[in-house]
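Read through the structure below, which is laid out as structure tokens, and then see the notes.
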2 protein chains.
Amino acid sequence: MTTRRDAVHDTLRQSEGFRSAQDVYAEMRQHGAKIGLTTVYRALQALADGGHVDVLRTDDGESVYRACETGEHHHHLVCRRCGRTVEVAGPAVERWAETVGTEHGFTEITHTVEVFGTCSSCSRVARPA
Amino acid sequence: MTTRRDAVHDTLRQSEGFRSAQDVYAEMRQHGAKIGLTTVYRALQALADGGHVDVLRTDDGESVYRACETGEHHHHLVCRRCGRTVEVAGPAVERWAETVGTEHGFTEITHTVEVFGTCSSCSRVARPA
DNA sequence: TGCAAAATGAAAATGGTTGTCAAAATCGAC
DNA sequence: GTCGATTTTGACAACCATTTTCATTTTGCA
């Protein structure tokens with residue numbers, strides 16, 4: 001009962017960066033897969049719930065997904081131009097978040113951290129913002 | 001030409017935490033203000049563009065706004081239950097983001113950092129997740 | 001005062017995402 | 001293998017925050 005979900009997962013794994021549900025759907029159809037948009041959404045949600053893929057929101061509110069190489073907690077360094085993504089660890093940040101939260105009497109502390117930049121390839125190609 | 005915008009800004013300033021455009025609109029109408037939803041959206045965008053308010057996205061894709069006390073770069077510690085928000089500085093995080101980006105050959109580095117938790121008042125009231 | 005430019009807002013359009021529901025695939029028991 | 005029950009699927013419609021449109025009102029300024 002997971003053929004579809006695996007197919008979605010595989011498609012995601014073949015991508016360098018974060019992809020939207022619609023992206024994944026379009027790509028799968030192009031490769032001849034018989035799958036509906038609804039199913040792609042459901043598969044991505046299931047994968048995200050199970051911690052198999054990471055989710056984040058673009059500035060225009062789209063959810064984008066990425067197959068993580070590691071199951072451990074990590075953050076992302078994302079190229080704002082081409083979407084290429086590097087997984088990075090930040091023990092110092094984890095500690096900082098925990099400390100800051102505790103200092104103000106907060107409990108059950110979580111955090112979101114994403115770093116954006118222009119990767120070396122992209123900055124070589126075009127300079128203007 | 002800024003009466004409306006100021007009114008929106010004021011409404012935002014009276015709030016403890018982040019508010020959605022629809023929230024702000026509803027509240028202004030309740031207080032008798034004659035303003036359209038479109039204008040609220042436009043005002044919030046203008047304020048955000050001008051750096052007068054901070055924007056972030058909720059998990060369900062809604063944009064929420066908050067009047068910052070400081071114009072300087074800072075992050076937020078947000079209570080996930082009541083929305084109460086504390087502005088926090090994190091010099092260590094700034095440096096970390098910059099370093100991590102540079103190490104991987106990225107330029108023009110920016111970052112988003114938000115910390116979530118349950119504030120002391122809320123954790124006293126109810127325990128379950 | 002007059003008029004051009006900007007602001008306003010009601011209503012319609014947009015678009016990603018979710019809900020609905022009937023058809024198809026899958027599973028388990030016999 | 002077969003049959004009914006359960007799950008999965010996907011076309012389509014519904015949702016809803018946000019944006020666009022556009023006609024009207026207000027404002028800026030000579």
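Just so it is clear: chains get the letters A, B, ... in the order the sequence lines come, proteins before strands, and each one is counted from 1.
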Inset, instruction - Please check if the distance between the ring centroids of His111(A) and His75(A) is under 6.0 Å. - result: yes

Inset, instruction - Kindly say whether the aromatic ring centers of Phe116(A) and His76(A) come within a distance under 6.0 Å. - result: no

Legend entry - Distance in angstrom units between Asp6(B) CG and dT8(C) C1', rounded: 16 Å

Inset, instruction - Answer yes if Val40(A) and Val55(A) sit in the same cluster of Ile, Leu, Val, Met, Phe, Trp and Tyr residues linked by side chain heavy atoms under 4.5 Å apart, and no otherwise. - result: yes

Legend entry - Heavy-atom pair with the smallest gap, counting every atom of Tyr25(A) and Gly36(A): CE1-C, 3.7 Å

Inset, instruction - Sugar-phosphate atoms are those with a prime plus P, OP1 and OP2; base atoms are the rest. Using that split, label each nucleotide of nucleotides 12-19 of chain C B, S or - for protein heavy atoms under 4.0 Å, 5' to 3'. - result: ----SBBB

Inset, instruction - Kindly work out whether a path of hydrophobic side-chain contacts (I/L/V/M/F/W/Y, heavy atoms less than 4.5 Å apart) joins Trp96(A) to Val115(A). - result: yes

Legend entry - Asp59(A) CG - dA17(D) C1' separation (whole Å): 16 Å

Inset, instruction - Estimate the overall bend of the helix from dT1(C)-dA30(D) to dC30(C)-dG1(D) from the end axes over five pairs each, rounded to 10 degrees. - result: 30°

Inset, instruction - Heavy atoms only: give me the nearest Arg84(A)-Ser120(A) pair and the separation to one decimal. - result: NH2-OG, 4.4 Å

Inset, instruction - Would you mind telling me which of Thr3(A), Thr39(A), Val53(A), Leu47(A) makes a side chain to side chain contact (heavy atoms under 4.5 Å, CB included) with Val8(A)? - result: Leu47(A)

Inset, instruction - May I have the distance from Lys34(A) (atom NZ) to dA11(D) (atom P), rounded to whole angstrom? - result: 11 Å

Legend entry - Atom pair distance, as rounded to whole Å: OH in Tyr25(B) and P in dT19(D): 16 Å

Legend entry - Residues which pass salt bridge (Lys or Arg N to Asp or Glu O under 4.0 Å) with Asp54(B), listed by chain and number, not counting sequence neighbours: none

Inset, instruction - Return no unless some side-chain N or O of Thr39(A) is found under 4.0 Å from OP1 or OP2 of dG10(D). - result: yes

Legend entry - Atom-pair distance (CG on Leu44(B); P on dT18(D)), nearest Å: 9 Å

Legend entry - Separation of atom CD1 in Ile35(B) from atom P in dT26(D), rounded to whole Å: 15 Å

Legend entry - Arg29(A) CZ to dT9(D) P, straight-line distance once rounded to whole Å: 14 Å

Inset, instruction - Please check if any side-chain donor atom of Ser121(A) sits under 3.5 Å from a side-chain acceptor atom of Arg81(A), or the reverse. - result: no

